[in-house]
Amino acid sequence: MQKFQIRYTFNQRLNFMMSIIIVLMGIIVLRFFYLQVIQYDFYKTKSISNSLRTIPIASLRGIIYDRNKQVLAENRLIYNLEINPEDNLNLDEVKNRLAKIIHITDTDISNYKKLVKNNIYATSLPIKIDLSAEETAHFVAHQFQFPDISILQRQERFYPFGELSSHAVGYINRINSKDIQDIKNKNLESKYNGVNHIGKTGIEYFYEDIIHGRPGYQRVEVNAQNDIFRIIEEIPPINGDNISLTIDIRLQEKIVKKFENKKGAFVAIDVNNGEILSYVSQPSYDPNLFINGINFDAWDQLNNNSTKPLLNRVIAGLYPPGSTLKPFIALSGIENNLRRPPFAIEDPGFFQMPGAKKIFRDWKKGGHGHVDIIKAIAVSCDTFFYGLGLELGMTKMNRTLSQFYFGEQTGLDLAGEKKGLLATPKWKQKTYKKPWYGGETAITAIGQGFTQVTPIQLAYATALLANPKLNKKPHLLLYSTKKELTDIDQKPPAINPASLKTIYQGMEDVTQDGGTAAFIGKKSKYKIAAKTGTAQVFGLAQGEEYDEDTLPEHLKDHALFIAYAPAEKPKVAVAVIVENGGHGSSAAGPIAKTFFDHYFEEF
């Protein structure tokens, strides 16, 4: 009986266990049926999504050349160590692991964090940039230890001429949050998918749309370890367009050398088509520093430098034009029938305001004697122009000056061009809440007072003076297969050609015996038409003497010089500004002469 009871209890337990097993197996079968049959479409889609990856393929930026096919911006092959920001790796651990085989710093980690913060388009970001050949080989030998870190080939921008072309060519830098917002606003997300860099300044920025290109992509299938084992589809990228600029880097180099350590700007323009042959802003900077994000010390050194190397003086430097404005004021006098030859004055060396005691001095003590409009330009007679300015008034002067694009953007194909300033009584009242005085009109006529110009304005105005039929904007783009030069037409000045003959004679006499730049014209195989100028950095009280030899460097006058040549049949016009250079002809004139000599005799 006892044996039967034990067997019965055992069978009960066995049946109970079997029941549980059957129930559990039923649940498993039902769950299997649910997943494999009912939810088949859902999990099939999810599985495919997990195993397929879209990998962007960045396009190459177009190469930038000068007019003679010298490379100004190119792409060079480098090797980076990169990780996927979506992996959310422990960076301290990554650094410690990498440190055993390769030099990696806190700065590298910090830079990576900044990239992750601003990233939206790249699927892989560098934690170590531009490995040396030795570092590359060492990592490859140990790569099996780093399945979550990739060594990738990248094309990095490089500027062979560095500081020589930086203000014209500009630079690229990594895409930041502001760039991302701009890209979204312009609906260009697809164009920047997988792209890390974008044009920031200069030509790199202005022609970003044609230099950048369009990225491609690969659709690939990966295994559980994210290793690619099948390429499903590949769309190759469309590389950016190569472009040629109008500048000649050989001429650029000679001008920069002539500047030595002086600050200033130089622009040369072909008077027949508006091409910029030379574009110099001094001092300059090395654009290669910015490509992957400039470090703090280098940025601080550039940004807080008293010489302002980051300032693009050609388009953003504002200066009083000084006496370089006088040919245009003289033209206004002729056009308004106030100073047509043989009109002349006797210059005592000063000008007294009508009905007042206020006296404005001429730069030459004792005056220039008998002065007509031609001589007034040649010897830069202030007295002649004080009186002319008062008779013209601001409205007539500004009307003539605006035809030469003073007070307006010239239309140069760079961002950030400033308009300068042609002041008016209304402007002064609004800006300073003060009335306009007659003396301010008088000094405006000699290029002082409120008037401000940029070097590109001076150069373009000189080109328009040399060739009043020039109907093209000044421009840096010479050639691109993707962008026609169809948007550079511009209205030329409406000037009577007969009026210009007098101005031409006065400017030619500037470089002849008796002119303010006579030494420039000596020993030349061609004739130069020019105008010198000096612009005051600070004002002098009435009767106070200006002594350049006793002044500190930063208080010396700016030296200016405009010219075109050959005078008989102009080909090129230039403008030079040397900050704190003193007398215009001695400081700025030789720089212009250097350009002309090389342009006509060597090129």
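We're numbering straight along the sequence, starting at 1.
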Results of ring pair (Phe, Tyr, Trp, His ring centres under 6.0 Å) for Phe158 - residues two or more places apart only: none
Do Tyr319 and Glu579 have side-chain atoms, one donor and one acceptor, less than 3.5 Å apart? yes
Give a yes or no on whether a salt bridge exists between Glu234 and Arg219, defined as a side-chain N under 4.0 angstrom from a carboxylate O. no
Would you mind checking if Glu260 and Lys262 are paired as a salt bridge, meaning a charged N to carboxylate O distance below 4.0 Å? yes
When you check the gap from the basic side-chain N to the acidic O, do Lys571 and Asp270 get nearer than 4.0 Å? no
Can we say Asp182 and Lys186 salt-bridge, meaning some charged N sits less than 4.0 Å from an Asp/Glu carboxylate O? no
Hey, do the aromatic rings of Phe406 and Phe328 have their centres closer than 6.0 Å? yes
Partner set under ring pair (Phe, Tyr, Trp, His ring centres under 6.0 Å) for Phe266, not counting sequence neighbours: Phe595
For Phe290, all residues meeting ring pair (Phe, Tyr, Trp, His ring centres under 6.0 Å), sequence neighbours excluded: Tyr171, Tyr285
Less than 4.0 angstrom from a charged side-chain N to a carboxylate O is my criterion; do Arg250 and Asp66 meet it? no
How about Asp108 and Thr105: does a side-chain donor come under 3.5 Å of a side-chain acceptor? yes
Could you tell me the separation between the CD1 atom of Ile562 and the CG atom of Leu458, rounded to the nearest 0.5 Å? 6.5 Å
Quick one about Ser480 and Asp241 (side-chain donor to acceptor, distance below 3.5 Å, no hydrogens or angles considered), yes or no? yes
Within a strict 4.5 Å, meaning less than it, do heavy atoms of the Ile255 and Val576 side chains meet? no
Ionic contact status for Arg61 with Glu74, cut-off 4.0 Å: no
Lys200 with Asp179: basic N within carboxylate O range, under 4.0 Å: yes
Using the rule given for side chain to side chain donor-acceptor pair (under 3.5 Å), can you reason through His197 versus Asn292, listing the C-alpha separation, both sets of side-chain angles and the distance that settles it, and then say yes or no? CA-CA 8 Å; His197 293 79; Asn292 285 303; 3.2 Å; yes
Decide, yes or no, whether a salt bridge links Arg154 with Glu82 under the criterion of side-chain N to carboxylate O below 4.0 Å. yes
List for me each residue that meets side-chain contact (heavy atoms from CB on, under 4.5 Å) alongside Asn90, sequence neighbours excluded, and say none if there are none. Asp92, Glu93
Please name the pair of heavy atoms, one in Ala73 and one in Glu204, separated by the smallest distance, quoted to 0.1 Å. CB-OE2, 4.0 Å
Salt-bridge contact Lys254-Asp248 (side-chain N to carboxylate O under 4.0 Å): no
For ring-ring contact (aromatic ring centres under 6.0 Å, His included), just list the numbers for Phe146 and Phe139, CA-CA rounded to whole Å, side-chain angles, deciding distance to a tenth of an Å, and then say yes or no. CA-CA 9 Å; Phe146 303 93; Phe139 181 82; 5.5 Å; yes
Going by side chain to side chain donor-acceptor pair (under 3.5 Å), name the pairs with one or both residues in residues 137-148, residues two or more places apart or in two chains. Arg97-Asp148
Go through the side-chain N and O atoms of Lys473 and Thr410 and say whether any donor and acceptor fall under 3.5 Å apart. no
Identify, with sequence neighbours excluded, every residue that meets salt bridge (charged side-chain N to carboxylate O under 4.0 Å, His left out) alongside Asp297. none
Given salt bridge (Lys or Arg N to Asp or Glu O under 4.0 Å), test Arg76 with Asp130 step by step and report yes or no. CA-CA 10 Å; Arg76 62 170 185 163; Asp130 194 10; 3.4 Å; yes
Could you report the tightest heavy-atom contact between Tyr217 and Glu233, atom names first, then the distance? OH-OE2, 3.6 Å
